[in-house]
Amino acid sequence: MSTRLTGSLQVLASAAAFGSMAILARYAYADGVSAGTLLFLRFFLAGALLLPWLIWRRQPWPRGRTLLALILMGGLGYTASSLCYFNALRFASAGTVALLFYLYPAVVLLLSTLWLKEKLTRHRLVALLLALAGLAITVGQDLSTQPLGLVLGLSTALLYSLYILAGSRFATGAPALPAAAVVILAAAASNGALVVGAGFHGPTSWHGWAAVLGMALLCTVVALALFLAGLGKIGAARAAVLSTLEPVVTLTLAWPLLGEALSATQLAGGALILLAVLLISREADPQRTALTDLHD
């Protein structure tokens with residue numbers, strides 16, 4: 001098997017693992033797990049699995065300003081984005097939330113134009129218009145019934161975009177896996193503090209624990225390792241394109257497992273959003289693509 005094919009399969013498997021996270025979260029909620037507790041357990045368990053692996057491999061850890069930036073990114077930006085995403089799942093379908101989250105490449109493009117003064121080319125403008133059209137079509141039918149879920153879903157995309165831009169500016173040059181571990185551990189600490197204040201509401205059955213462990217092991221550690229392994233073989237642009245499988249997996253699993261079927265109109269809007277992502281990925285910044293390895 002060629003190196004490129006192996007890398008492509010690894011990124012696709014990573015996207016499938018990330019795409020199943022929303023499904024497992026809904027199972028955990030059904031078992032009485034709160035969003036804050038779910039995030040704490042996800043990041044704490046993932047960090048506990050990653051830390052010995054990194055020590056065994058003697059990976060160099062980020063230091064100085066880069067380390068501080070990663071801690072702030074995980075403890076503030078990524079925590080806020082994750083809280084919005086997982087709370088959005090309580091008020092909107094998993095498929096809708098996944099599509100709203102995948103607006104983040106377009107948001108990054110828009111913010112980089114406004115904030116970093118990057119040139120808004122015709123190619124980028126078309127991608128932005130496609131994303132906006134897809135957004136309008138996808139959420140148009142939900143505005144009257146689930147406004148909070150839509151607001152939280154859009155907030156996830158905005159906060160995650162800020163996380164990526166901050167990382168591309170302040171955390172450049174950090175080894176990918178140790179950097180991700182720092183973000184995960186910082187997010188675990190932040191969510192742990194929130195759980196202390198709000199109370200621990202963990203799983204009450206083995207089904208709930210299976211969902212939590214699946215999120216920590218499959219949807220975080222395994223998905224992260226596969227993405228980074230594939231990224232090294234096929235490069236940032238191709239990895240960004242293949243990662244668009246993630247919301248497709250969420251939509252595909254949500255129908256039979258959660259009974260959530262999107263309308264034909266919403267599917268058309270989702271297709272426009274993914275088309276915009278594909279166009280944007282042709283100009284993908286390698287550092288920014290690497291920073292998306294944690295996803296939602």
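Note that the coordinates shown come from a computational prediction; the quantities given were computed from them, not determined experimentally.
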Taking all atoms of both residues into account, what is the closest heavy-atom pair of [X] and [Y], and its distance?
X      : Y      : result
Ala94  : Ala254 : CB-CB, 4.3 Å
Ala157 : Ser161 : O-OG, 2.6 Å
Ala46  : Ala216 : CB-O, 4.0 Å
Leu253 : Ser20  : CD1-CB, 4.0 Å
Leu165 : Val108 : CD2-CG1, 4.0 Å
Val11  : Leu242 : CG1-CB, 3.8 Å

Between [X] (side chain) and [Y] (backbone), is there a donor-acceptor pair under 3.5 Å?
X      : Y      : result
Ser81  : Gly77  : no
Asp31  : Ser205 : yes
Thr79  : Gly74  : yes
Thr250 : Gly19  : yes
Thr37  : Val33  : no
Ser8   : Arg4   : yes

Taking side chain as C-beta onward, heavy atoms only, is [X] less than 4.5 Å from [Y]?
X      : Y      : value
Val97  : Leu152 : no
Met21  : Tyr85  : no
Thr244 : Tyr102 : yes
Leu177 : Leu54  : yes
Thr96  : Leu150 : yes
Leu45  : Thr220 : no
Phe227 : Ser243 : yes

Honestly curious: do [X] and [Y] fall in one hydrophobic cluster under the side-chain, below-4.5 Å linking rule?
X      : Y      : value
Leu68  : Val182 : no
Ile71  : Leu76  : no
Leu83  : Val212 : yes
Leu258 : Phe101 : yes
Leu51  : Leu41  : yes

Roughly how far, to the nearest 0.5 Å, is [atom2] of [Y] from [atom1] of [X]?
X      : Y      : atom1 : atom2 : answer
Leu185 : Leu50  : CG    : CG    : 7.5 Å
Trp209 : His207 : CH2   : NE2   : 15.0 Å
Leu89  : Leu24  : CG    : CG    : 11.0 Å
Leu125 : Leu110 : CG    : CG    : 10.5 Å
Met73  : Ile164 : CE    : CD1   : 8.5 Å
Leu251 : Ser93  : CG    : OG    : 8.0 Å

Worked verdict on Leu194 versus Leu39 for side-chain contact (heavy atoms from CB on, under 4.5 Å): CA-CA 10 Å; Leu194 294 175; Leu39 285 171; over 6 Å; no
Thr156 vs Leu100, side-chain contact (heavy atoms from CB on, under 4.5 Å): CA-CA, chis, key distance, verdict: CA-CA 8 Å; Thr156 302; Leu100 290 178; over 6 Å; no
Tyr78-Phe43 aromatic ring centre distance below 6.0 Å: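 When the ring centroids of Tyr78 and Phe43 are compared, they turn out to be within the sub-6.0 Å range.
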Ring centres under 6.0 angstrom apart (Tyr27, Tyr29):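 Judged by ring-centre distance (under 6.0 Å), Tyr27 and Tyr29 do not meet the cut-off.
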